[in-house]
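Just so you know, these numbers use all the heavy atoms, side chains as well, and skip hydrogens, waters and symmetry mates. Within every chain, numbering begins at 1; the chains are lettered A, B, ... in the order of the sequence lines, protein sequences first and strands thereafter.
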Protein chains: 2
Amino acid sequence: MSIQDVAVKAGVSVATVSRVFNTPGKVTPATREHVQKAASALGYVPNASARTLRTQRSRVLGIVLPTLLNPVFAECLEGIAQAATTAGYAILPLTTDYRLELEDRAVNLLMAGNADGMILVVSNPATSLALARLCNARMPYVLAYNQHPDHPCVSVDSEQAVADLVARLASLGHRRITLVSGQLAASDRAQQRRRGFVRGMEAAGLDGSSLLEVPFVQTAVQEISDVLRRTPRPTALVCSNDLLAIRSIRAAHLAGLSVPRDLSVTGFDGIALGEDLTPMLSTITQPNADIGRCSVELLIQALAGGAPLTQAASICLAHAFRTGESCTAPDAATH
Amino acid sequence: MSIQDVAVKAGVSVATVSRVFNTPGKVTPATREHVQKAASALGYVPNASARTLRTQRSRVLGIVLPTLLNPVFAECLEGIAQAATTAGYAILPLTTDYRLELEDRAVNLLMAGNADGMILVVSNPATSLALARLCNARMPYVLAYNQHPDHPCVSVDSEQAVADLVARLASLGHRRITLVSGQLAASDRAQQRRRGFVRGMEAAGLDGSSLLEVPFVQTAVQEISDVLRRTPRPTALVCSNDLLAIRSIRAAHLAGLSVPRDLSVTGFDGIALGEDLTPMLSTITQPNADIGRCSVELLIQALAGGAPLTQAASICLAHAFRTGESCTAPDAATH
DNA sequence: TTGTAGGCGTTATCAC
DNA sequence: GTGATAACGCCTACAA
């Protein structure tokens with residue numbers, strides 16, 4: 001079922017059929033309709049591989065994300081998909097599970113697949129080899145969620161956001177605040193958020209060294225729970241992301257504490273689900289779908305203009321604080 | 001950067017280079033190494049479009065899912081990705097947002113993209129035009145989560161699962177049980193689960209007509225909450241999926257009820273997050289990643305054998321009941 | 001073991 | 001306005 005068959009059935013040349021699909025204006029309305037009829041009668045669909053081979057453009061955007069099990073990236077991907085579809089691009093998403101070798105493999109696969117451009121969330125822009133290969137190959141790309149002076153990035157100001165959040169907690173009366181983070185080495189976001197935490201604590205005249213790093217999901221709840229049983233325990237946990245916040249609330253429950261009465265918990269990301277939880281998650285919300293949309297627009301703009309994207313194109317979107325119900329002033333007794 | 005360039009640089013023919021990448025056994029170890037060195041020096045990556053065009057196989061599996069915002073499908077996709085990668089296939093996921101026209105568009109796109117086969121979760125196998133087109137085109141496919149006698153499906157027995165669940169609630173002492181469902185017309189799963197509910201209720205000698213259909217996410221919590229304020233209110237809500245269960249718990253909170261003390265809530269799907277919630281979600285768990293993996297294996301097997309897949313290949317995986325904390329015997333007073 | 005050449009389905013250049 | 005044809009990068013008989 002090729003353009004040949006359609007041409008024969010319509011009694012025209014393949015060139016005409018091709019024109020009907022690509023530059024309909026350059027063909028007589030009569031023949032155009034005739035060809036269209038023949039095509040749909042045969043159920044003809046232009047072959048993407050052949051077209052890509054010939055034109056050297058795939059109209060495919062490669063998307064590299066850590067995981068879709070974290071709704072943050074699923075939400076972002078929805079934004080990407082929507083914007084890409086609108087612009088006439090298909091997307092090819094791959095996940096890396098925060099592993100560098102998969103980051104590399106994904107980039108490889110996408111280059112082989114003739115992706116026109118790529119949107120990626122890398123573990124760390126400063127050290128990513130995959131990213132370096134991308135630059136070498138002059139492949140247009142945009143980083144999402146990452147933040148780095150040498151690359152075009154779409155993100156929020158994580159550091160500032162967490163610093164503000166800590167200030168807010170301090171003003172509520174919290175003094176013993178612990179940062180709960182995933183593996184710091186695994187992502188620049190985690191590091192930025194920690195910097196924000198330390199800065200915020202110091203600005204409030206508090207001890208910013210209380211850090212609980214929980215690298216593995218399986219053991220996270222238990223480890224957090226252990227910390228909460230110590231004396232004196234923190235009155236607030238600042239979690240590096242929403243999933244950790246949810247696990248912290250569970251950990252509190254296991255330790256016999258009630259959130260927010262005995263312990264305040266805050267998250268980071270603003271996953272939609274957090275709004276439906278009880279207690280509703282207090283968190284820093286990022287415009288996840290917008291980050292995706294924005295990345296696509298930036299990339300497509302560069303694709304159209306032919307100008308290589310630079311760090312100058314970076315966009316910092318606004319974050320917000322969702323009040324929620326998991327965070328309040330500390331109990332006077334505990335305090 | 002084509003096979004040509006590598007051939008020149010290595011001082012061999014393009015055929016030899018091709019063989020090095022496809023049938024390394026048919027080339028001298030010496031020249032093989034030589035060519036490999038030349039290739040990686042140039043950063044050569046075989047062009048997937050050209051290869052697909054020539055071989056008529058893309059080694060790409062098309063995946064059609066309703067949405068990735070529901071972790072069920074994200075979990076399934078992870079399973080698919082893992083199995084596909086293991087088997088040397090890439091995946092191309094597209095989401096339909098439960099809309100039929102997008103289902104159609106997705107199938108179109110994947111056919112144009114020369115997908116070797118497809119795994120899809122359709123809204124309803126009995127009525128899906130996209131599915132019919134697929135069969136016409138003799139495209140190998142497997143349905144996931146769907147259940148239909150005329151198609152190869154990988155799923156759990158939803159109806160039986162819900163019937164069992166209702167029996168369990170009844171034996172705990174619940175008499176007024178309401179089914180909370182998403183839009184029934186939007187998916188065959190919702191319909192199966194309702195059938196299971198009705199069957200279970202009748203088997204327990206209870207009234208199985210209490211159904212609350214909440215088609216829109218935005219208004220779901222409010223609507224459920226309204227129902228819970230009526231007298232007499234249900235002592236248990238059987239929710240058609242985990243996201244609805246989470247919203248039901250929120251709705252109970254808004255209505256001044258505590259789960260599970262004043263109201264039992266059960267879900268369906270077994271999303272991982274449910275285990276971290278407080279109260280931990282009582283739910284019917286499906287092996288989501290396995291459903292994905294299994295679908296891939298079935299499809300690839302068919303791809304290898306050349307035999308078209310039939311309904312005979314359908315697989316029903318085991319579900320389980322997670323006890324959780326959101327479900328208990330009804331309060332004697334309310335009872 | 002290695003090389004030559006034809007063709008996969010499409011688009012784009014050139015005639016007509 | 002329409003048709004013939006070369007070329008995109010690759011794989012694979014077939015020949016050497």
Side-chain angles (χ1 to χ4, degrees), chain A residues 1-39 42-60 88 90 108-116 137, chain B residues 1-39 42-60 88 90 108-116 137:
Chain A
M1 177 46 38
S2 77
I3 203 173
Q4 249 325 336
D5 306 300
V6 180
V8 171
K9 167 132 188 164
V12 299
S13 75
V14 293
T16 299
V17 178
S18 176
R19 278 190 280 263
V20 167
F21 280 87
N22 296 291
T23 50
K26 298 182 85 64
V27 71
T28 312
T31 52
R32 188 196 313 160
E33 264 187 62
H34 188 59
V35 170
Q36 278 166 341
K37 201 159 299 178
L42 292 169
Y44 166 73
V45 189
N47 183 303
S49 301
R51 175 178 279 177
T52 296
L53 182 58
R54 172 64 227 226
T55 61
Q56 309 287 41
R57 325 179 41 224
S58 60
R59 298 197 79 82
V60 166
N108 244 11
L109 203 61
L110 291 172
M111 307 227 331
N114 289 52
D116 287 347
Chain B
M1 178 48 37
S2 77
I3 203 173
Q4 249 324 338
D5 306 301
V6 181
V8 171
K9 167 131 186 163
V12 298
S13 74
V14 293
T16 301
V17 178
S18 175
R19 278 190 280 261
V20 167
F21 280 86
N22 297 292
T23 51
K26 299 182 82 64
V27 72
T28 312
T31 52
R32 189 196 311 159
E33 266 187 60
H34 188 59
V35 169
Q36 278 165 342
K37 202 160 298 178
L42 292 169
Y44 167 73
V45 189
N47 184 302
S49 302
R51 176 178 280 175
T52 297
L53 183 58
R54 173 61 231 231
T55 62
Q56 307 287 44
R57 330 179 34 226
S58 59
R59 298 198 77 82
V60 166
N108 245 10
L109 202 61
L110 291 172
M111 307 227 333
N114 289 54
D116 286 348

(request) Return the nearest nucleotide to the side chain of T31(A); candidates are dG9(D), dT2(D), dG9(C). (result) dT2(D)
(message) Are the side chains of V60(B) and N114(B) in contact, using a 4.5 Å heavy-atom criterion?
(response) no
(message) In whole Å, I'd like the distance from the CD atom of Q56(A) to the C1' atom of dC10(D).
(response) 13 Å
(message) Nearest 0.5 Å, please: how far is OG in S13(B) from CZ in R19(B)?
(response) 6.0 Å
(request) Report the nucleotide, chosen from dG3(C), dT10(C), dA12(C), that has the shortest atom-to-atom distance to any side-chain atom of S2(A). (result) dT10(C)
(message) Under 4.0 Å, counting only non-hydrogen atoms across every strand here, what does L53(B) touch: a base, just sugar-phosphate, or nothing?
(response) base
(request) Measure the distance from CZ on R54(A) to P on dT13(C) and round it to the nearest whole Å. (result) 8 Å
(request) With the side chain of V27(A) defined as its heavy atoms from C-beta on, choose the nearest nucleotide among dA4(D), dT1(C), dT2(D). (result) dT2(D)
(message) What is the separation between atom CG on N114(B) and atom P on dT10(C), rounded to the nearest whole Å?
(response) 9 Å
(request) Work out how much the helix from dT1(C)-dA16(D) to dC16(C)-dG1(D) bends between its end axes, five pairs an end, to the nearest 10 degrees. (result) 40°
(request) Send over the distance from M1(A) CE to dG9(C) P, rounded to a whole Å. (result) 10 Å
(request) Return the minimal non-hydrogen interatomic distance between D116(B) and R57(B), and the atom names on each side. (result) OD1-CA, 3.5 Å
(request) Among dG9(C), dA5(C), dC10(D), find the nucleotide with the atom closest to the side chain of Y44(B). (result) dC10(D)
(message) From the set dG9(C), dG1(D), dT11(C), return the single nucleotide nearest to any side-chain atom of S18(A).
(response) dT11(C)
(request) Send over the distance from D5(A) CG to dT10(C) P, rounded to a whole Å. (result) 9 Å
(request) Figure out the CD/P separation between Q4(B) and dC11(D), and round it to whole Å. (result) 13 Å
(message) Does anything in residues 32-39 of chain A come within less than 4.0 Å of DNA chain D? Heavy atoms only, and list the residues if so.
(response) none
(message) Nearest to the R51(A) side chain among dT10(C), dT5(D), dT2(D), which nucleotide is it?
(response) dT10(C)
(request) Using the closest heavy atom to pick a nucleotide of DNA chain C for each, name whichever of V12(B) or T55(B) lands nearer the 5' end. (result) V12(B)
(message) I'd like to check S2(B) versus N47(B) (side-chain heavy atoms, cut-off strictly below 4.5 Å). Are they in contact?
(response) no
(message) What is the distance, to the nearest angstrom, from the CG atom on N47(A) to the P atom on dG7(C)?
(response) 18 Å
(message) Between R51(B) and N22(B), is there a side-chain heavy-atom distance shorter than 4.5 Å?
(response) yes
(message) Nearest 0.5 angstrom please: H34(A) NE2 to K9(A) NZ, how far?
(response) 9.5 Å
(message) From CE of M111(A) over to C1' of dG9(D), roughly how many Å is that when rounded to an integer?
(response) 16 Å
(message) Of the options dT13(C), dG9(C), dT2(C), whose atoms approach the side-chain atoms of R19(A) most closely?
(response) dT13(C)
